Amino acid sequence: MLRLRRPSWFAVLLTLAGIAIFVRLGIWQLDRAAYKEHLLARFAHASDAPLIPFAAVSDTAPHHRYAHVAVHGHYLQDRAYMWDDQTIGEQVGVDVYVPFAVQGRERMVIVSLGFLPHTGSERNKPAMPPLPTGEVTLRGLYASMPPPGLKLGGDQIARQTQWPKLSTYLELSQISRDLDQRLFPGILLLDPNPKSAYLREWTPTFIPPARHQAYAFQWFSFAAAALVIFIVLHRRSEPPKNDRQE
């Protein structure tokens, strides 16, 4: 039978507070996982949603709304950015971003054309198919720019003079400075097109639900560990059997 020494009030309160905090953090991570699963479901069906005018959402940071929009204007020809070291499956390549002048607006929106795989062993810049000229209407999801990751070697695109510009780090503020042009706070993920040379397997840019679930398990483990430590520290040691007999 487990016998415990009488603990101090401080030890009891400290243990209970730690367990409560760890359990609360675990529940919060489970709530985040459920929310991210909801966002994944919303993202999966966003491209099937009715189109809304770009002007209805353009000035607001998109976060996780994933509005399906139509926007009219023209591409900025001979201006493109390639985000290097991107992967789809086992293919390594670039994500291509192009400025798009929105009709009747001073700001531009950056359009994500999709993924182009590297060709050959030297991993040269993939050849971009020609952009449509003149006024066009684009359809896609208005979303946030993917997280840029680690910035190594300074601003790579500012030092380049030839287009398209290639970089392993890309963010909207960087593109805005390079173009000397104000940009909308989100980007346009073009609707998939089986006839296009670009692969458009869009995925949301946030921590996936599985990782939140792993964090929750970690916090619940801390709560269990706190209880075990409390018991071990206050377990009453049994006297030797010979001593009990005497």
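Only this structure's heavy atoms are used, side chains among them; waters, hydrogens and symmetry mates stay out. These figures come from a predicted structure and were not determined experimentally. Positions are given from 1 along the sequence.
Atom-to-atom distance recorded for Y215:OH and R32:CZ is 12.5 Å, nearest 0.5 angstrom. I175 CD1 to L183 CG: the interatomic distance, rounded to the nearest 0.5 Å, is 7.0 Å. The CG atom of L199 sits 6.0 Å away from atom CD of Q91, with the distance rounded to the nearest 0.5 Å. In this structure, I157 CD1 and E171 CD are separated by 9.0 Å, a value rounded to the nearest 0.5 Å. Annotation: the span from L51 atom CG to R139 atom CZ amounts to 6.0 Å, rounded to 0.5 Å. To the nearest 0.5 Å, atoms CG (L189) and CE (M145) are separated by 10.0 Å.
Side-chain atoms of L179 and P99, non-hydrogen and from C-beta on, do get closer than 4.5 Å to each other. At least one side-chain heavy atom of Y142 sits less than 4.5 Å from a side-chain heavy atom of P185. By the 4.5 Å heavy-atom criterion applied to side chains, D31 and H212 are not counted as neighbours. Residues S112 and V96 form no side-chain contact, since every pair of their non-hydrogen atoms from C-beta on lies 4.5 Å or further apart. The shortest distance between side-chain heavy atoms of P146 and I187 falls below 4.5 Å. Side-chain contact between P126 and H118 is present, with heavy atoms from C-beta onward closer than 4.5 Å.
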### Task
Decide yes or no on ring pair (Phe, Tyr, Trp, His ring centres under 6.0 Å) for F54 and F184, but give the supporting numbers first.
CA-CA 11 Å; F54 180 65; F184 287 104; 5.2 Å; yes

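Listed for the E37 side chain is no donor-acceptor partner under 3.5 Å among the backbone atoms of Y35. A donor-acceptor pair under 3.5 Å links the side-chain atoms of H72 to the main chain of V136, judged by distance alone. A donor-acceptor contact shorter than 3.5 Å links the side chain of W202 to the backbone of L190. Looking at Y66, its side chain never comes within 3.5 Å of a backbone N or O of L141 through a donor-acceptor pair. A donor-acceptor pair under 3.5 Å links the side-chain atoms of W83 to the main chain of T168, judged by distance alone. A donor-acceptor pair under 3.5 Å links the side-chain atoms of Q160 to the main chain of L166, judged by distance alone. A donor-acceptor pair under 3.5 Å links the side-chain atoms of R200 to the main chain of L113, judged by distance alone.
Pairs passing the side chain to side chain donor-acceptor pair (under 3.5 Å) check and including a residue from residues 181-193, sequence neighbours excluded, read H68-D191.
Under the 4.5 Å side-chain heavy-atom criterion for ILVMFWY residues, a single connected hydrophobic cluster contains both L227 and V23. When the side chains of ILVMFWY residues are joined at heavy-atom separations under 4.5 Å, either directly or via intervening members, I231 and I19 end up in a single hydrophobic cluster. Hydrophobic clustering (ILVMFWY, side-chain heavy atoms < 4.5 Å, transitive): F230 and W219 are in distinct clusters. By the rule that hydrophobic residues join a cluster once side-chain heavy atoms approach within less than 4.5 Å of another member, L172 and L170 end up as members of one cluster. Hydrophobic clustering (side-chain heavy atoms under 4.5 Å, transitive across Ile, Leu, Val, Met, Phe, Trp, Tyr) groups V71 together with V98.
The nearest pair of heavy atoms linking A226 to T15 is O-CG2, 4.0 Å. Across all their heavy atoms, G26 and A216 have their closest contact at O-CB, 3.4 Å. Considering every non-hydrogen atom in both M82 and P164, the closest pair reads CE-CG, 3.7 Å. When all heavy atoms are compared, the tightest approach of G140 to L188 is C-CD1, 3.7 Å. Of all heavy-atom pairs between E135 and H74, the closest is OE2-ND1, 3.5 Å. Nearest approach of L131 to L76, heavy atoms of both residues: CD1-O, 4.4 Å.
Residue-environment remark: CZ (R65) stays at or below the threshold of 12 foreign heavy atoms within 6.0 Å. By the neighbour-count criterion of 12 heavy atoms within 6.0 Å, atom NE2 of H45 is sparsely surrounded, having that number or fewer from other residues, nucleotides or ligands.
A salt bridge links D59 with R105: the closest approach of a Lys/Arg side-chain nitrogen to an acidic carboxylate oxygen falls below 4.0 angstrom.
When ring centroids are compared, W163 and Y81 come within the 6.0 Å threshold.
Donor-acceptor pairing under 3.5 Å is lacking for the side chains of Q77 and Y75.
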